[in-house]
Amino acid sequence: MSYKFGLIGYPIQHSLSPWIHDKFLSQLRLEGTYSIIEIHPENDSFDQEMERLRNSDLDGFNVTVPYKEKVIPYLDELDLQAKQIGAVNTIRSQDGKWIGYNTDGIGYVRSLVSAYPSIEQNKQQQILLLGAGGAAKGIYHALKFNHFSNITIANRSIERAQEIKKDDDVTSVITLQEAEEQLSRYDLIIQTTSVGMKPHIDDTIISLEHVKEGAIVSDIVYQPLLTKFLQEAKRRSCPIHFGHTMLLYQAQYAFELWTGKLPEMTGLADELQSVLEG
Ligand code: ATR
């Protein structure tokens, strides 16, 4: 058989997903294609596009901005992560039904554990999540799902952080200034905002002056790969975790949902790094 996958969103001409999924297909010696299906938000043709995709022979597709929420009413089922996050980035077509998933958070945790397997040994470690947008929400729920329970969310807007925490008594919410001052409490620091992304490469969300010795510092921004935040972590001899690995592992999980096969990830982060660095 030949698989048919795709991506809907706008703008997506520069998406790295076709590159990643083509790698997976060829590595596993599977026939298939992954196409870009750009849907212009101003066309008002979303209904028709969904209808067209329903009638196509796609086995599954990814969903990105601005359709991660808009696509939900068109689905027959929603998995737990997608439900908790309220957004879908992967759809699997099975016997004519569409099932929606969100692979971002689980993909992030997979990428982290693959870089630092020892973090699985101590699920009681103190985790600081910087940011409270869609990405933070996905990572928060995936950490919880993987039994990492001690999470503090720091965000510029406290209300948004409270919305993620909801009534979870274990999770704390603090300001960015408090995060900076109390940084030495945390064993793992995860930067989930867009701060530091090209072209604003000199920005950082907080100073790492008070970082705990040996704390793992992670940044989901991957353009540039070595953000100012990660540069500072490196300077302070902290182990670092790069954002492009999340991209690879969320794709790996999507591919697994579509095919039941798990691509091998060795070497892919280096290859993607070369692509990103042109
Ligand atoms: P995404 O889905 O990529 O997470 P988002 O939902 O727009 O994007 O969330 C962006 C996150 O980056 C939020 O946590 C946002 O903080 P607010 O909730 O206070 O807006 C954060 N963010 C963006 N620019 C920021 C800045 N200059 N300083 C601090 N936080 C910033």
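One-based numbering along the sequence shown. All ligand and atom numbering here is 1-based and tracks the order in the structure.
- Checked against side-chain hydrogen bond (donor to acceptor under 3.5 Å, both in side chains), Glu38 has the following partners two or more places apart in sequence or in another chain: Gln13.
- Of the residues listed (Lys97, Arg92, Arg54), the one engaging Asp76 in a salt bridge (Lys or Arg N to Asp or Glu O under 4.0 Å) is Arg54, and it is the only one.
- The immediate protein surroundings of ligand 1, defined as residues with any heavy atom under 4.0 Å of it, consist of Gly131, Ala132, Gly133, Gly134, Ala135, Asn155, Arg156, Ser157, Arg160, Thr193, Ser194, Val195, Ile205.
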Return all side-chain donor-acceptor pairs below 3.5 angstrom for residues 235-256, not counting sequence neighbours, or 'none' if the list is empty.
| residue | atom | partner | partner atom | Å |
| --- | --- | --- | --- | --- |
| Arg236 | NE | Leu208 | O | 3.3 |
| Arg236 | NE | Glu232 | OE2 | 3.1 |
| Arg236 | NH2 | Glu232 | OE2 | 3.3 |
| His241 | ND1 | Ser218 | OG | 2.9 |
| His241 | NE2 | Ser111 | OG | 3.1 |
| His241 | NE2 | Thr245 | OG1 | 3.1 |
| His244 | NE2 | Ala269 | O | 3.1 |
| Thr245 | OG1 | Phe242 | O | 2.7 |
| Tyr249 | OH | Ser114 | OG | 2.9 |
| Gln250 | OE1 | Asn89 | ND2 | 3.4 |
| Gln250 | OE1 | Thr103 | OG1 | 3.3 |
| Gln250 | NE2 | Leu247 | O | 3.0 |
| Gln252 | OE1 | Arg110 | NH1 | 2.9 |
| Gln252 | NE2 | Pro263 | O | 3.0 |
| Glu256 | OE1 | Arg110 | NH1 | 3.1 |
| Glu256 | OE1 | Arg110 | NH2 | 2.7 |

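- Not one N or O on the side chain of Ser45 forms a donor-acceptor pair closer than 3.5 Å with the backbone of Gln48.
- Remark: aromatic rings of Trp258 and Tyr3 are distant, center separation not under 6.0 Å.
- Among pairs with a residue in residues 45-72, those fulfilling ring-ring contact (aromatic ring centres under 6.0 Å, His included) read Phe46-Tyr67, Phe46-Tyr74, Phe61-Trp98, at least two apart in sequence or across chains.
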